[in-house]
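Below you'll find the structure, written out as structure tokens, and then a few comments.
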Amino acid sequence: MTSVGFIGSGAIGSTIARLAVEAGHQVVLSNSRGPETLADTVAELGPRATAATSGEAGAAGDIVVVTVPVKAFPTLPAAPLAGKTVIDTCNYGPDRDGPIAELDGTSLTSSELLLRYIPDAGLVKAFNTIYFKHLLSLARPAEAADRSYLPIAGDSASAKAAVTEFIASIGYGVVDAGPLADGWRQATGTPVWGTPYGAASNEKGQPAGGDAIRTALATATR
């Protein structure tokens, strides 16, 4: 059993939390509005779930999931994340986040930007390529022939190993997409972003195996 902290508890965060609870993990949820606003979510998830502040959630997690708008990166609690394995689910959107010159160009990926604010974390990019309803519906046991895969990127081998194990526990295989600098291959609008799992209008989605994910990553252009 792993304790998973969540900084941000929107659609993707709460879906990962649901899958984690079903897999036997403990989850500690937080958002920008305060723990009391998560009472209904915690009640729905059951006794393995609690709510806390962002700093408390970061401190409590063996793994911490950061799932916030990119514009919120400067507000993250860096100290509790030092030495932690941190999953970055975030996608940059200029309309929501405002323009960020380095991300609008090619000098930086959003995960590399995040690492500037939490420099002592073992950061891994994951879960940013799949619609939250597909993430819930496509989870499968390890032995399932139609098990889907998710791309991950990161610079720390140990952090990648921990994230791979966690993702496996909640129903997915993993394709290693390289270091954080290659995270652009799974950014918004790339071939691996959403498309392999089907249209959003199909809430159940379609399974996407490792070969499909590797092909999509390989065909990305910058």
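- Within the 4.5 Å cutoff, side-chain heavy atoms of L103 are placed close to those of L108.
- A distance-only check finds a donor-acceptor pair linking the side chain of R222 to the backbone of T106 [under 3.5 Å].
- Note on residues 167-181: pairs passing side chain to side chain donor-acceptor pair (under 3.5 Å), not counting sequence neighbours, are H25-S169, K160-D176.
- I118 and L180 fall within a single hydrophobic cluster, where Ile, Leu, Val, Met, Phe, Trp and Tyr side chains are chained together by heavy-atom contacts under 4.5 Å.
- Taking CG of L135 as the reference point, atom CD1 of I170 lies at 6.0 Å (rounded to 0.5 Å).
- For residues 113-137, the ring-ring contact (aromatic ring centres under 6.0 Å, His included) pairs, not counting sequence neighbours, are Y131-H134.
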With side-chain contact (heavy atoms from CB on, under 4.5 Å) as the test, would you mind laying out the steps for L113 and R116 before giving the verdict?
-> CA-CA 5 Å; L113 177 63; R116 290 183 175 179; 4.3 Å; yes
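- Scored by the side-chain hydrogen bond (donor to acceptor under 3.5 Å, both in side chains) test, S111 finds D88 as partners (sequence neighbours excluded).
- Smallest separation of non-hydrogen atoms from A121 and V86: CB-CG2, 3.7 Å.
- In this structure, S110 contributes its side chain and N91 its backbone to no donor-acceptor pair below 3.5 Å.
- Remark: the backbone N or O of Q186 is paired with a side-chain donor or acceptor of N128 at under 3.5 angstrom.
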Would you list the atom pairs, donor with acceptor, under 3.5 Å between side chains in residues 56-70 and any protein atom, with sequence neighbours excluded?
from	atom 1	to	atom 2	distance (Å)
E56	OE1	T53	N	2.9
E56	OE1	T53	OG1	3.2
D62	OD2	S3	N	2.8
T67	OG1	T89	OG1	2.9

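- Both V42 and I12 are part of a single hydrophobic cluster, where members link through side-chain heavy atoms under 4.5 Å apart.
- Without hydrogens or angle criteria, K125 side chain to C90 main chain gives a donor-acceptor distance under 3.5 Å.
- Residues that satisfy the side chain to side chain contact (heavy atoms under 4.5 Å, CB included) test with D211, not counting sequence neighbours, are R214.
- Taking each heavy atom of A153 and G183 in turn, the nearest pair found is CB-CA, 4.3 Å.
- The distance from atom CG of L81 to atom CG of L114, rounded to the nearest 0.5 Å, is 9.0 Å.
- Between the side chain of R33 and the backbone N or O of S30, no donor-acceptor pair lies under 3.5 Å.
- Within the 4.5 Å cutoff, side-chain heavy atoms of I87 are placed close to those of F166.
- A continuous path of ILVMFWY side-chain contacts below 4.5 Å connects L150 to F6, so both sit in one hydrophobic cluster.
- Residues satisfying the side chain to side chain contact (heavy atoms under 4.5 Å, CB included) criterion with L136, sequence neighbours excluded, are T15, R18, L19.
- When the side chains of ILVMFWY residues are joined at heavy-atom separations under 4.5 Å, either directly or via intervening members, I167 and V192 end up in a single hydrophobic cluster.
- Here the closest non-hydrogen pair linking G205 and S137 is N-OG, 4.3 Å.
- T37 is linked by a side-chain hydrogen bond (donor to acceptor under 3.5 Å, both in side chains) to N31, counting only residues two or more places apart in sequence or in another chain.
- The two atoms that bring A177 and D182 nearest to each other are O-CB, 3.7 Å, heavy atoms only.
- A distance of 12.0 Å separates CD1 of I7 from OG of S32, quoted to the nearest 0.5 Å.
- With hydrogens and angles disregarded, no donor-acceptor distance shorter than 3.5 Å links the side chain of R48 to the backbone of V27.
- Side chain of T190 to backbone of A220: no donor-acceptor contact under 3.5 angstrom is found.
- Among all heavy-atom pairs drawn from P80 and K84, the shortest one is O-CG, 3.5 Å.
- Under the 4.5 Å side-chain heavy-atom criterion for ILVMFWY residues, a single connected hydrophobic cluster contains both V124 and I130.
- Proximity of E112 to L115: side-chain heavy atoms (C-beta onward) are nowhere separated by under 4.5 Å.
- Legend: side chain to side chain donor-acceptor pair (under 3.5 Å) pairs involving residues 191-208, not counting sequence neighbours, sorted by first then second residue: K133-E203.
- Sorted by first and then second residue, the ring-ring contact (aromatic ring centres under 6.0 Å, His included) pairs with a member in residues 55-108 form an empty list; sequence neighbours excluded.
- P207 is listed as a side-chain neighbour of L138, based on a closest heavy-atom distance under 4.5 Å.
- In this structure the side chain of L45 reaches within 4.5 angstrom of the side chain of L29, judged on heavy atoms.
- Side chains of L123 and D155 form no contact here, defined as non-hydrogen atoms less than 4.5 Å apart.
- The side chain to side chain contact (heavy atoms under 4.5 Å, CB included) search around S14 returns none, not counting sequence neighbours.
- Taken from OG1 in T215 to CG in L217, the straight-line distance is 9.0 Å, to the nearest 0.5 Å.
- Listed by chain and residue number, nothing satisfies the side chain to side chain contact (heavy atoms under 4.5 Å, CB included) test with E165 (two or more places apart in sequence, or in another chain).
- Taking 4.5 Å as the limit, some side-chain heavy atom of S9 sits within range of a side-chain heavy atom of L38.
- Scanning all heavy atoms of the two residues, the minimum distance from R140 to A144 falls at CB-CB, 3.7 Å.
- D40 meets the side-chain hydrogen bond (donor to acceptor under 3.5 Å, both in side chains) test with no other residue; sequence neighbours excluded.
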